[in-house]
Amino acid sequence: MTKKIAVLAGDGIGPEIVAEAVNVLNALGESFELEHAPVGGAGYEASGHPLPEATLKLAKEADAVLFGAVGDWKYDTLDRPLRPEQAILGLRKNLGLFANLRPAILYPELAGASTLKPEVVSGLDILIIRELTGDIYFGQPRGVRECPDGPFKGEREGFDTMRYAESEVRRIGHVAFQAARKRNKKVCSVDKANVLETFQFWKDIMIEVGKEYPDVELSHMYVDNAAMQLVKNPKQFDVLVTGNMFGDILSDQASMLTGSIGMLPSASLDANNKGLYEPSHGSAPDIAGKGIANPLATILSAAMMLRYSLNMAAQADRIEAAVKKVLQQGLRTADIYEAGTTKVSTREMGAAVLSVL
Ligand SMILES: NC(=O)c1ccc[n+]([C@@H]2O[C@H](COP(=O)([O-])OP(=O)(O)OC[C@H]3O[C@@H](n4cnc5c(N)ncnc54)[C@H](O)[C@@H]3O)[C@@H](O)[C@H]2O)c1
Ligand SMILES: CC(C)[C@H](C(=O)O)[C@@H](O)C(=O)O
Ligand SMILES: [Mg+2]
């Protein structure tokens with residue numbers, strides 16, 4: 001049966017990198033129905049809202065969503081509900097995409113592209129599982145108000161609410177333990193239980209969930225230490241599970257272990273493995289339009305889409321093998337370039353993947 005894929009390219013480098021992933025999907029010889037729709041700043045320009053109703057409807061109807069990136073500095077002064085970032089937050093919330101998988105894998109050819117010593121990163125294969133629809137990102141109330149009491153009474157204050165319901169922690173815990181079962185059977189839950197009520201609660205629930213998986217080793221680490229350990233000895237980790245905000249930060253950090261944030265794909269899944277697939281990076285306004293962005297994170301996100309939502313593991317393998325091959329050929333976009341390799345543009349990298357598919 002024809003699979004319908006919603007293609008939401010978005011802003012900045014979004015359209016450039018998504019175009020390459022679409023070419024790869026089209027070259028697989030499968031019958032996909034790809035439907036494009038504006039989102040983010042592009043959605044705002046098209047219809048006055050970053051997540052136009054028609055775009056949300058398409059995303060809900062489709063078998064999977066391929067997403068580029070949203071955001072541009074020029075929208076930073078809009079009221080928050082109109083800012084491009086609300087589109088991706090709204091999609092995650094509306095589609096119930098609570099489980100964000102961000103695999104940080106070092107392709108051996110890129111050991112020298114990482115800013116860390118090759119021996120620290122070589123062989124790296126960790127999976128960051130970020131809870132994606134809770135935490136301080138979505139907690140209410142939030143806003144700016146007059147400080148009601150205390151030493152700053154009468155001044156304005158900005159505030160947000162960090163929170164997790166028990167079922168939210170449980171379900172992401174199960175995702176992590178089940179993922180670990182298919183890997184090296186280790187889960188490290190990252191929290192800030194020494195300071196935050198929300199994360200003591202998180203830790204307590206993780207321990208309870210862990211009892212259902214006696215074959216998986218559960219450890220706990222404070223997020224500040226985890227940030228340090230990721231740089232010191234990242235290969236100690238197998239699956240890292242954490243909340244929305246810590247996961248946002250740690251996954252960007254982990255991306256540099258793989259050479260570049262342009263290499264880090266992601267899958268955002270609901271309870272039935274319906275998903276949205278996007279690179280972990282943003283719209284990179286600093287390089288947009290220059291044709292130099294790395295499309296591999298997006299192409300690898302398309303591979304994750306085939307594997308997790310479309311039940312086409314063999315096609316996912318084909319794409320991942322093709323990416324490996326172009327790296328072996330020495331082709332590099334600017335972000336992963338090192339002396340002795342061949343610098344290529346976004347288009348050339350996409351075309352190279354196609355040619356070895
Ligand atoms: N899911 C998303 O759509 C998403 C994710 C992160 C940031 N954003 C938005 O993107 C905008 C820019 O944010 P930022 O600059 O903090 O983060 P960013 O990830 O867009 O860029 C950070 C740095 O990494 C580089 N970079 C990112 N992707 C790259 C690629 N594929 N190839 C080569 N280099 C790449 C950029 O050039 C920049 O120097 C903001 O509006 C932000 O809100 C969106
Ligand atoms: C753009 C922003 C809302 C988003 C996030 O914070 O989740 C981004 O940084 C990401 O990692 O996907
Ligand atoms: Mg982020």
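Only this structure's heavy atoms are used, side chains among them; waters, hydrogens and symmetry mates stay out. All ligand and atom numbering here is 1-based and tracks the order in the structure. These numbers come from a predicted model, not from an experiment.
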Q: Which ligand 2 atoms does E85 reach within 4.0 Å, using its non-hydrogen atoms?
A: 1 (C)
Q: Any idea which part of E85 is under 4.0 Å from ligand 1, heavy-atom wise: side chain, backbone, both or neither?
A: side chain
Q: Do E278 and ligand 2 have an N or O pair less than 3.5 Å apart?
A: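 No, since none of the N or O atoms of E278 sits under 3.5 Å from an N or O of ligand 2.
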Q: Say whether R102, considering both its backbone and side-chain N or O atoms, lies within less than 3.5 Å of an N or O atom on ligand 2.
A: yes
Q: Can you tell which part of Y75 has a heavy atom less than 4.0 Å from ligand 1: side chain, backbone, both or neither?
A: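 Under 4.0 Å from ligand 1, Y75 contributes no heavy atoms.
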Q: Run the salt bridge (Lys or Arg N to Asp or Glu O under 4.0 Å) check on D63 and K4 step by step: do they pass?
A: CA-CA 5 Å; D63 294 299; K4 183 164 177 170; over 6 Å; no
Q: Please report which non-hydrogen protein atom sits nearest to atom 11 (C) of ligand 1, along with the residue it belongs to and the distance in Å to one decimal place.
A: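 Of every protein heavy atom, S283 OG, 3.2 Å lies nearest to atom 11 (C) of ligand 1.
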Q: Do you know which N/O/S atom name in D248 is closest to the Mg ion (ligand 3)?
A: OD1
Q: Report the part of A297 in contact with ligand 1, treating N, CA, C, O as backbone and CB onward as side chain, heavy atoms under 4.0 Å; options are side chain, backbone, both, neither.
A: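 Within the 4.0 Å criterion, A297 makes no contact with ligand 1.
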Q: How far is atom 36 (C) of ligand 1 from the closest protein heavy atom, and which atom is that?
A: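 For this ligand atom, the closest protein heavy atom is D286 OD1, 3.4 Å.
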Q: Using heavy atoms and a threshold below 4.0 Å, how should the contact between I17 and ligand 1 be classified: side chain, backbone, both, or neither?
A: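 None of I17 does.
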Q: Decide yes or no on salt bridge (Lys or Arg N to Asp or Glu O under 4.0 Å) for R307 and E320, but give the supporting numbers first.
A: CA-CA 11 Å; R307 189 182 307 286; E320 285 161 1; 2.6 Å; yes
